[in-house]
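What you see below is based on every heavy atom in this structure, not just the backbone, and it leaves out hydrogens, waters and symmetry mates.
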Amino acid sequence: MRKLLLTGFEPFLDFTVNPTMKIVEELDGELIGGYEIIGKIMPVDFSASGEMLLDFIAEENPDAVISLGLAAGRYKITPERIAINVKDGAADNEGNKPVDEPIREEGEPAYLSALPIRKMVDSLLANGLPATISNTAGAYLCNNVMYEGLHYAKTTKPEMKTGFIHIPASHELAIQHGRIPSWSHEDLLRGVRICIEALEEA
């Protein structure tokens, strides 16, 4: 049985809920599209998240890695096309606030996703869920984790499919946080399942 490492993040900044955390916890242990799902929650910590992802990969030896992140304000599911070798942004949960720092001194300036992102978007649209490819994962923790996974794959395990998907806020988060676009938890969960199933077809 092939294994898929699926990661999400804990709540961060002023977002009291992170729907990726709930999705990963719910899908942990499921069989989807020929993959056994191994769900792990990542800290919102520039100094720890990348190494933790690599530790999970070393521990589980997955065939594929999909990391999920919250993009509050987006109204579509957005598989990311590219990760850049930059750490920058608001302070993380530990108070770290890097400015224009490289993620890997020896790393490439950027890496393209190794996931079938076009197929994922097409499958989501065919199933009635708004989706598009995103050309920026920002420079915060989502980009950081995406870059670390791709750097590992490119330098150590090129057959491993890895990449990142941003999802909108859940209704629960929108109710707590204010006027931001939101989806039901059920639709977010269904969207992630559809993206995972697209791996089998790629």
Side-chain angles (χ1 to χ4, degrees), residues 4-44 49 53 56 62 64-81 83 93 113 115-138 140-146 149 161-202:
L4 168 66
L5 175 62
L6 182 68
T7 73
F9 282 106
E10 64 188 2
F12 65 103
L13 300 178
D14 57 347
F15 300 114
T16 57
V17 175
N18 193 327
T20 68
M21 183 174 179
K22 295 191 173 187
I23 289 169
V24 167
E25 290 174 343
E26 192 164 336
L27 294 183
D28 181 39
E30 281 198 19
L31 300 178
I32 304 173
Y35 288 88
E36 176 191 358
I37 308 304
I38 300 163
K40 300 289 185 180
I41 306 304
M42 307 287 291
V44 177
S49 60
L53 178 70
F56 288 148
V65 179
I66 295 178
S67 296
L68 302 176
L70 166 66
R74 292 189 190 179
Y75 53 91
K76 297 181 179 182
I77 292 179
T78 51
E80 296 294 342
R81 191 190 301 273
N93 285 357
S113 176
L115 299 177
I117 57 175
R118 180 62 64 189
K119 185 173 289 292
M120 287 177 171
V121 167
D122 290 346
S123 296
L124 289 162
L125 294 173
N127 281 275
L129 295 176
T132 191
I133 291 174
S134 167
N135 292 314
T136 176
Y140 196 54
L141 268 295
C142 295
N143 175 78
N144 188 74
V145 165
M146 181 181 179
K161 299 173 183 175
T162 183
F164 199 95
I165 301 171
H166 268 119
I167 67 170
S170 61
H171 292 333
E172 179 185 10
L173 180 58
I175 288 169
Q176 294 182 21
H177 194 267
R179 296 173 59 186
I180 53 176
S182 62
W183 285 29
S184 70
H185 174 73
E186 292 73 21
D187 278 345
L188 290 172
L189 193 65
R190 183 163 67 96
V192 172
R193 282 198 176 102
I194 289 168
C195 288
I196 294 171
E197 288 167 356
L199 288 175
E200 176 73 10
E201 303 162 6

Just how far is it from atom OG1 of Thr7 to atom CD1 of Ile66, taken to the nearest 0.5 Å? 9.5 Å

Gap between atom CG of Asn18 and atom CD1 of Ile23 - 0.5 Å precision: 9.0 Å

Side-chain contact test, heavy atoms from C-beta onward, threshold under 4.5 Å: evaluate it for Glu197 versus Met120 and give yes or no. no

Under a 3.5 Å threshold, yes or no: a donor from one side chain and an acceptor from the other, between Glu10 and Asn93? yes

Using a distance-only test with no angle check, is there a side-chain donor-acceptor pair under 3.5 angstrom linking Thr78 and Thr132? no

So, taking the atom named CH2 in Trp183 and the one named NZ in Lys76, what distance separates them when rounded to the nearest 0.5 Å? 9.5 Å

List the steps and the verdict of side-chain contact (heavy atoms from CB on, under 4.5 Å) for Thr20 and Ile167. CA-CA 8 Å; Thr20 68; Ile167 67 170; 3.8 Å; yes

Between His171 and Ser182, a side-chain donor and acceptor under 3.5 Å: yes

Where is the tightest heavy-atom contact between Glu200 and Gly34, given as atom of each residue plus distance? OE1-CA, 4.0 Å

State, to 0.1 Å, how close Asn143 and Ala137 come at their nearest heavy-atom pair, and which atoms those are. CB-O, 3.6 Å

List the atom of Ile117, the atom of Ser113, and the distance in Å for their closest heavy-atom pair. CG2-OG, 3.7 Å

Residues two or more places apart in sequence or in another chain: which of them pass side chain to side chain contact (heavy atoms under 4.5 Å, CB included) with Gln176? Thr16, Val17, Glu172

For the residue pair Leu199 and Tyr35, establish whether any side-chain heavy-atom pair is separated by less than 4.5 Å. yes

Indicate the atoms forming the closest heavy-atom contact of Gly149 with Thr162, along with that distance. O-CG2, 3.6 Å

Mind checking the CD1-CD1 spacing from Ile194 to Ile32? Nearest 0.5 Å is all I need. 11.0 Å

Atom pair CG/SG of Leu70 and Cys142 - distance to nearest 0.5 Å: 7.5 Å

Going by salt bridge (Lys or Arg N to Asp or Glu O under 4.0 Å), name the pairs with one or both residues in residues 26-38, residues two or more places apart or in two chains. Glu30-Arg193

With rounding to the nearest 0.5 angstrom, report the CG to OG distance, Leu141 to Ser67. 11.0 Å

Would you say Pro62 and Ile38 make side-chain contact, with heavy atoms under 4.5 Å? no

Taking every heavy atom of Leu124 against every heavy atom of Cys195, the minimum-distance pair comes out as CD1-SG, 3.7 Å

Taking the side chain as C-beta and beyond, is there a heavy-atom pair between Ile77 and His166 under 4.5 Å? no

Once side chain to side chain contact (heavy atoms under 4.5 Å, CB included) is applied, do any residues pair with Val24, and if so which ones, sequence neighbours excluded? Leu6, Ile41, Leu68

Met21 versus Pro11, closest heavy-atom pair with distance: SD-CD, 3.9 Å

Full working for side-chain contact (heavy atoms from CB on, under 4.5 Å) between Lys40 and Glu25: CA-CA 8 Å; Lys40 300 289 185 180; Glu25 290 174 343; over 6 Å; no

Tyr140 vs Val44 side-chain heavy atoms within contact, under 4.5 Å: yes

Charged N to carboxylate O under 4.0 angstrom, Asp187 versus Arg190? yes

Any heavy-atom pair between the side chains of Lys161 and Val65 that's under 4.5 Å? no

